[in-house]
Amino acid sequence: MDAIPDARASILFVCLGNICRSPLSEGVFLHLAEAAGLADQFEVESAGTGAWHIGERPDARSILVADKHGVALDSRARQVTPEDFERFDYIIAMDRDNLAILQALGREYDSDATIELLRTYEAGRDSDEVPDPYYGGASGFENAYKMIRRSCTGLLRHLRAV
Ligand code: 4NP
């Protein structure tokens with residue numbers, strides 16, 4: 001059966017601080033969905049498991065790498081909330097530490113969300129984590145961008161098929 005044309009999937013991308021990896025994932029996924037003419041099919045946000053950067057714009061290095069690839073980042077950092085586990089169909093973690101935190105919260109809130117790692121969707125991946133680039137240089141952000149871009153391409157393809 002064909003997918004229902006106006007069906008929407010809601011996706012929350014999650015990292016630790018919500019200033020480096022998950023805002024980049026949010027921006028890249030929206031960019032790809034827009035390019036495919038599917039932006040109205042998805043509700044996309046990002047959040048962090050940590051609270052240190054609440055209210056901040058993404059890290060300047062994430063904004064720079066996104067801009068270099070024609071992707072705009074419009075989010076402000078926030079922490080995951082209990083409501084997220086009801087609102088979102090997919091809660092997508094950048095690494096195993098954050099995945100474990102989200103899975104524990106998902107159990108606590110009796111969530112029906114699919115909680116998984118972003119790189120699950122990357123064809124030919126060499127690891128299942130997007131490493132935290134916060135304490136490194138610009139090359140870590142370019143690497144994160146590439147993993148995120150490949151993964152979001154796979155995620156979009158998957159969501160078009162379900
Ligand atoms: P993110 O990177 O989880 O990809 O946003 C980090 C940002 C900030 C911190 C750690 C990771 N921090 O410790 O402040």
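As the structure lists them, so they are numbered: ligands from 1, and atoms in each ligand from 1.
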Polar contacts were defined as any N/O atom of the residue lying under 3.5 Å from an N/O atom of the ligand; does this apply to Arg21 and ligand 1?
yes
Atom 2 (O) of ligand 1 sits nearest the protein heavy atom Asp132 OD1, 3.2 Å
Using 30° and 60° as the class boundaries, would you call the ring planes of His158 and Tyr90 parallel, tilted or perpendicular?
perpendicular
Close N or O approach (Ser22, ligand 1; < 3.5 Å):
no
Quick check: is Leu102 connected to Ile148 through a chain of hydrophobic side chains (ILVMFWY, heavy atoms under 4.5 Å apart)?
no
With a 3.5 Å distance limit and no angle check, can you tell me whether Glu122 reaches the backbone of Gly154 through a side-chain donor-acceptor pair?
no
May I ask you to list the atoms of ligand 1 that are less than 4.0 angstrom from any heavy atom of Cys15?
1 (P), 3 (O), 4 (O), 5 (O)
Under-4.0 Å heavy-atom contact with ligand 1, by part of Phe141 that carries it
neither
Specify the closest pair of heavy atoms between Arg96 and Glu129, including all atoms of both residues, with the distance to one decimal.
N-OE2, 2.8 Å
Below a 4.0 angstrom heavy-atom separation, can you tell me which part of Asp59, side chain or backbone, both or neither, approaches ligand 1?
neither
Residue part near ligand 1, for Met94, under 4.0 Å between non-hydrogen atoms:
neither
Measure the CZ-OG distance between Arg125 and Ser151 for me, rounded to the nearest 0.5 Å.
8.5 Å
For ligand 1, which atoms sit closer than 4.0 Å to a heavy atom of Tyr135?
13 (O)
Which atoms from ligand 1 have a heavy atom of Ile19 less than 4.0 Å away?
5 (O), 7 (C), 8 (C)
Which is it for Leu16 and ligand 1 at heavy atoms under 4.0 Å: side chain, backbone, both or neither?
both
Tell me, which protein residue and heavy-atom name are nearest atom 14 (O) of ligand 1, and how many Å apart are they?
His53 NE2, 2.8 Å
Would you check if the side chain of Ser10 reaches a backbone N or O of Arg87 as a donor-acceptor pair within less than 3.5 Å?
yes
Measuring only between side-chain heavy atoms, which start at C-beta, is Phe13 closer than 4.5 Å to Arg21?
no
Less than 4.0 angstrom from a charged side-chain N to a carboxylate O is my criterion; do Arg119 and Asp126 meet it?
yes
Here the atoms of ligand 1 under 4.0 Å from any heavy atom belonging to Gly17 are 1 (P), 3 (O), 5 (O)
